[in-house]
Amino acid sequence: MNHFLLQHYDWLKALHIIFMVAWFAGIFYLPRIFVYHAETTDTSVQAQLKVMQRRLLFFVTPFALLTLIFGLLMTYALATVSSLPVWLHIKFALVALLYIYHGYCFRLLRTFANDANTRSGKWYRVFNEVPVLILFAVVLLAVIKPW
């Protein structure tokens, strides 16, 4: 299997990047919808935002899973865990934080669905920057490979 994966490594990488871009498009926009929801008092707008939040999160979640699957297949194709470079371990840790962030978005979705949000639009604006910072770090690690 490892030989097969190595032969198709470029396809694995391409699919990994495609699904990552699709995932990030949603994970960048979802907290922005949370900002709008936190700042409106119009119940019809809130109802529409609830639908948008739910649809977007459920739409991008398969992309998150496919990003993970193709990333793991790439890793398996190249090496064993003991031989992976330090930068890749750091990347994995940052990606794990991103999956925790994604999971936390489900909790926030439930909070908004239950009309129980107590956080401000400002808090969601800051929350929206987390995946941006992780993306910067992950791309820099993957391209520069410092260690």
Side-chain angles (χ1 to χ4, degrees), residues 5 8-82 84-147:
L5 293 175
H8 297 91
Y9 186 81
D10 289 339
W11 280 100
L12 296 174
K13 188 189 305 186
L15 290 168
H16 177 69
I17 292 169
I18 289 165
F19 291 123
M20 183 272 305
V21 169
W23 176 30
F24 268 88
I27 214 71
F28 285 162
Y29 188 56
L30 180 63
R32 177 54 52 184
I33 300 173
F34 290 157
V35 169
Y36 300 146
H37 198 155
E39 292 181 345
T40 189
T41 56
D42 184 325
T43 55
S44 64
V45 172
Q46 289 174 344
Q48 182 62 39
L49 292 172
K50 287 178 186 179
V51 171
M52 291 172 65
Q53 291 162 344
R54 183 178 48 77
R55 286 183 180 172
L56 181 58
L57 187 54
F58 282 92
F59 179 74
V60 300
T61 296
F63 298 140
L65 296 174
L66 289 165
T67 300
L68 179 65
I69 289 167
F70 286 105
L72 291 174
L73 287 172
M74 288 169 43
T75 303
Y76 180 75
L78 291 178
T80 62
V81 173
S82 62
L84 295 176
V86 173
W87 70 266
L88 194 54
H89 287 281
I90 297 168
K91 178 187 172 197
F92 288 160
L94 291 168
V95 169
L97 288 175
L98 193 59
Y99 280 97
I100 291 168
Y101 179 95
H102 186 104
Y104 187 66
C105 286
F106 278 99
R107 182 175 176 187
L108 295 173
L109 181 74
R110 199 172 325 113
T111 299
F112 279 112
N114 294 328
D115 297 318
N117 178 56
T118 58
R119 300 188 189 274
S120 69
K122 183 178 180 179
W123 187 89
Y124 288 104
R125 281 186 177 85
V126 172
F127 181 74
N128 194 27
E129 301 307 320
V130 172
V132 175
L133 297 173
I134 292 173
L135 177 65
F136 272 79
V138 166
V139 168
L140 289 172
L141 286 167
V143 172
I144 297 171
K145 298 176 173 83
W147 304 282

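Since this is a predicted model, take the numbers as computed values, not measurements. All heavy atoms count here, side chains included; hydrogens, waters and symmetry mates do not.
- Residues that satisfy the ring pair (Phe, Tyr, Trp, His ring centres under 6.0 Å) test with F59, not counting sequence neighbours, are F63.
- You'll find the side chain of F92 reaches within 4.5 Å of the side chain of T75, heavy atoms only.
- No side-chain heavy atom of V35 sits less than 4.5 Å from a side-chain heavy atom of N128.
- Taking the side chain as every heavy atom from C-beta outward, R110 and N114 approach each other to under 4.5 Å.
- Listed by first then second residue, pairs satisfying salt bridge (Lys or Arg N to Asp or Glu O under 4.0 Å) with a partner in residues 85-105 number zero, not counting sequence neighbours.
- Between the OG1 atom in T40 and the CD atom in Q46 there is a gap of 6.0 Å [rounded to 0.5 Å].
- Residues L135 and F28 form a side-chain contact, since some pair of their non-hydrogen atoms from C-beta on lies under 4.5 Å apart.
- Taking each heavy atom of G121 and A38 in turn, the nearest pair found is N-CB, 3.9 Å.
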May I have the list of side-chain donor-acceptor pairs in residues 140-147 shorter than 3.5 Å, sequence neighbours left out?
from, atom 1, to, atom 2, distance (Å)
K145, NZ, A142, O, 2.9

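- Atom-to-atom distance recorded for T111:OG1 and R119:CZ is 8.0 Å, nearest 0.5 angstrom.
- A distance of 10.0 Å separates CG of L72 from CE of M74, quoted to the nearest 0.5 Å.
- Looking at H16, its side chain never comes within 3.5 Å of a backbone N or O of F70 through a donor-acceptor pair.
- Here the CD1-CG distance, from I69 to L73, works out to 7.5 Å after rounding to the nearest 0.5 Å.
- Looking at heavy atoms from C-beta onward, W23 lies out of side-chain contact with P131 at the 4.5 angstrom threshold.
- A 4.5 Å side-chain heavy-atom check between H102 and V60 finds at least one atom pair inside the cut-off.
- Applying the ring-ring contact (aromatic ring centres under 6.0 Å, His included) test to every pair with at least one member in residues 35-56, sequence neighbours left out, gives these pairs: H37-F112.
- Shown here is F136, whose CZ atom has no more than 12 heavy atoms of other residues, nucleotides or ligands within 6.0 Å.
- At distances below 3.5 Å, at least one donor-acceptor pair connects side-chain atoms of T67 with backbone N or O atoms of F19.
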Chi angles and distances behind the side-chain contact (heavy atoms from CB on, under 4.5 Å) call for W123, V126: CA-CA 5 Å; W123 187 89; V126 172; 5.9 Å; no

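- Taking the side chain as every heavy atom from C-beta outward, F34 and N117 never approach each other to under 4.5 Å.
- Under the salt bridge (charged side-chain N to carboxylate O under 4.0 Å, His left out) criterion, E39 pairs with R125, not counting sequence neighbours.
- In plain terms, the two heavy atoms of A77 and Y9 that are nearest each other are CB-CD1, 4.2 Å.
- The salt bridge (Lys or Arg N to Asp or Glu O under 4.0 Å) pairs that include a residue from residues 43-64 are K50-D115, where partners are two or more places apart or lie in different chains.
- When all heavy atoms are compared, the tightest approach of G26 to L56 is O-CD2, 3.7 Å.
- Between the CD1 atom in I134 and the CG atom in L98 there is a gap of 5.0 Å [rounded to 0.5 Å].
- Here the side chain of Y76 pairs no donor or acceptor atom with the backbone of L5 at under 3.5 angstrom.
- Below 30°, between 30° and 60°, or above 60°: for F106 and F58 the angle between ring planes is above 60°, a perpendicular geometry.
- Of the possible donor and acceptor atoms, none in the side chain of Y124 sits under 3.5 Å from a partner among the backbone N and O of I33.
- Here the straight-line distance linking atom SG of C105 with atom CG of L30 works out to 5.0 Å at 0.5 Å rounding.
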